[in-house]
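Note that this is a predicted model, so its numbers are computed, not measured. Just follow the structure's listing: the first ligand is 1, and inside any ligand the first atom is 1.
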Amino acid sequence: MASTLHSFANTAELAELLADDVSARLAQAIVERGVASIAVSGGSTPKRFFEALSTRDIAWDKVTITLVDERFVPADNPRSNHQLVETHLLRNKAASAIFVPLYHDVASALQAAAIATEKTEDIGNPFDVAILGMGGDGHTASFFPGGNHLARAIDPDAPRGVMTMMAEGAGEERLTFTFPSLADARFLVLHIEGEAKKAVLEQALAGTDEMEMPVRAVLNRATSPVEIYWAP
Ligand SMILES: O=C1O[C@H](COP(=O)(O)O)[C@@H](O)[C@H](O)[C@H]1O
């Protein structure tokens, strides 16, 4: 499926316009189906967008928010994506949204992935909105180059749900939705900022090796069009 690059003058403008587009999609889903679902990324990029989105006037009590991926760390760990969402998105008007975490306080990431799969099975078939990020190494979600379960995670026939991932570049063990869980989102966004990420995107678009740059799986064969939001 094709990708379209939407460029903005700066990151503040991107955050506002992405928040407008995402909130419109969520509102439309509520009109059509009574509820809406969104899976968001962590990392450093989404903060400003989260803050803008949190102010949009939609029926947040009908919106379920989850994460595209997570570190296997509790929410009080500053590296937790849950903490990022709690601090920057679950506030203002969005404080009434339902949040479904991927991390669970159990003995292993494998057990947490099984629980997360069960708890999210009703909300992502498909997601109304999925917001992906991208690392400088070409990872998206927790599809890391060299990841121990990368081939399975990006397999088009992988089951929907959450699986584990370990990789040198990932730090902690990860929990990640599989490629099929994200690739058919009704509104599928790749949100990246800065010239360095633009260069990584161009490199990804120029090649085909998905194990080298896993974001290529999304760019080349997501079943939904990929809307790329970028600002310098
Ligand atoms: O590890 C992660 O990194 C990516 C990109 O993060 P950024 O800091 O470069 O914006 C993110 O999309 C992913 O959700 C996160 O777990």
Side-chain angles (χ1 to χ4, degrees), residues 3 8 10-12 14-15 18 22 38-53 65-75 77-90 99-103 109 112-113 116 120 124 127 129-150 153-154 162-179 181-183 185 188-204 213-219 222 226-232:
S3 61
F8 300 87
N10 52 57
T11 56
L14 184 158
L18 180 55
V22 167
I38 174 170
V40 296
S41 288
S44 54
T45 306
K47 280 184 199 160
R48 205 191 279 252
F49 156 63
F50 284 170
E51 283 168 10
L53 184 61
I65 302 174
T66 191
L67 290 159
V68 160
D69 70 320
E70 177 62 290
R71 295 173 171 82
F72 185 57
V73 296
N77 184 311
R79 285 172 58 76
S80 150
N81 289 343
H82 180 161
Q83 187 176 114
L84 181 88
V85 167
E86 201 156 83
T87 309
H88 297 281
L89 178 55
L90 300 175
F99 179 68
V100 182
L102 301 188
Y103 173 82
T120 55
F127 287 113
V129 179
I131 310 285
L132 299 173
M134 183 184 73
D137 58 357
H139 84 265
T140 190
S142 282
F143 308 153
F144 280 88
N148 63 336
H149 296 148
L150 177 61
I154 63 173
V162 179
M163 59 181 289
T164 65
M165 188 73 68
M166 283 198 274
E168 213 174 294
E172 304 82 357
E173 189 166 13
R174 301 292 188 114
L175 301 163
T176 186
F177 272 101
T178 61
F179 170 82
S181 317
L182 302 169
L188 179 58
V189 172
L190 179 62
H191 173 193
I192 55 171
E193 296 181 352
E195 296 296 345
K197 291 269 178 93
K198 178 95 173 292
V200 175
L201 174 70
E202 279 160 9
Q203 194 190 337
M213 297 186 79
V215 71
R216 285 178 177 145
V218 173
L219 294 169
V226 184
E227 308 297 340
I228 305 170
Y229 282 63
W230 174 82

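Checking only distances, Phe144 never comes within under 3.5 Å of ligand 1, N or O to N or O.
Contact annotation: for Asn81 versus ligand 1, heavy atoms closer than 4.0 Å belong to the side chain alone. Under 4.0 Å from ligand 1, the heavy atoms of Arg71 that appear belong solely to its side chain.
Counting only heavy atoms of the protein, atom 11 (C) of ligand 1 lies nearest to Gly42 O, 3.6 Å. The protein non-hydrogen atom at the shortest distance from atom 4 (C) of ligand 1 is His139 NE2, 3.3 Å. The single protein non-hydrogen atom nearest to atom 16 (O) of ligand 1 is Asp69 OD2, 2.7 Å, given as residue, atom name and distance. Nearest protein heavy-atom contact of atom 9 (O) of ligand 1 is Lys197 NZ, 2.8 Å.
Tyr229 and Phe49 have their aromatic ring centers separated by at least 6.0 angstrom.
For ligand 1, the atoms closer than 4.0 angstrom to any heavy atom of Ser41 are 12 (O), 14 (O). Every atom of ligand 1 is numbered from 1 in the order shown, and the set under 4.0 Å from a heavy atom of Thr45 is 7 (P), 10 (O). Which parts of ligand 1 touch Arg174 is read off a 4.0 Å heavy-atom cut-off, strictly below it: atoms 1 (O), 2 (C), 15 (C), 16 (O).
Residue Leu102 holds its CG atom at 12.5 Å from OG1 of Thr164, rounded to the nearest 0.5 Å.
Just one of Val129, Thr66, Val68 meets the side-chain contact (heavy atoms from CB on, under 4.5 Å) condition when paired with Ile38; it is Val129.
Remark: side-chain polar atoms of Ser41 are paired, donor with acceptor, to backbone N or O of Ile131 under 3.5 angstrom. Panel note: side chain Trp230, backbone Gly194; a donor-acceptor pair is recorded below 3.5 Å. Judged purely by atom type and a 3.5 angstrom limit, Arg216 uses its side chain to pair as donor or acceptor with the backbone of Ala204.
Taking only non-hydrogen atoms, the option from Ser44, Pro46, Gly133, Gly43 nearest to atom 12 (O) of ligand 1 is Gly133.
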Just list the side-chain donor-acceptor pairs under 3.5 Å for residues 132-146, sequence neighbours left out, or say none.
from: Asp137; atom 1: OD1; to: His139; atom 2: N; distance (Å): 3.0
from: Asp137; atom 1: OD1; to: His139; atom 2: ND1; distance (Å): 2.7
from: Asp137; atom 1: OD2; to: His139; atom 2: ND1; distance (Å): 3.4
from: Thr140; atom 1: OG1; to: Gly133; atom 2: O; distance (Å): 2.6
from: Ser142; atom 1: OG; to: Asp69; atom 2: OD2; distance (Å): 2.7
from: Ser142; atom 1: OG; to: Arg174; atom 2: NH1; distance (Å): 3.4

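The ring pair (Phe, Tyr, Trp, His ring centres under 6.0 Å) search around His82 returns Phe99, not counting sequence neighbours.
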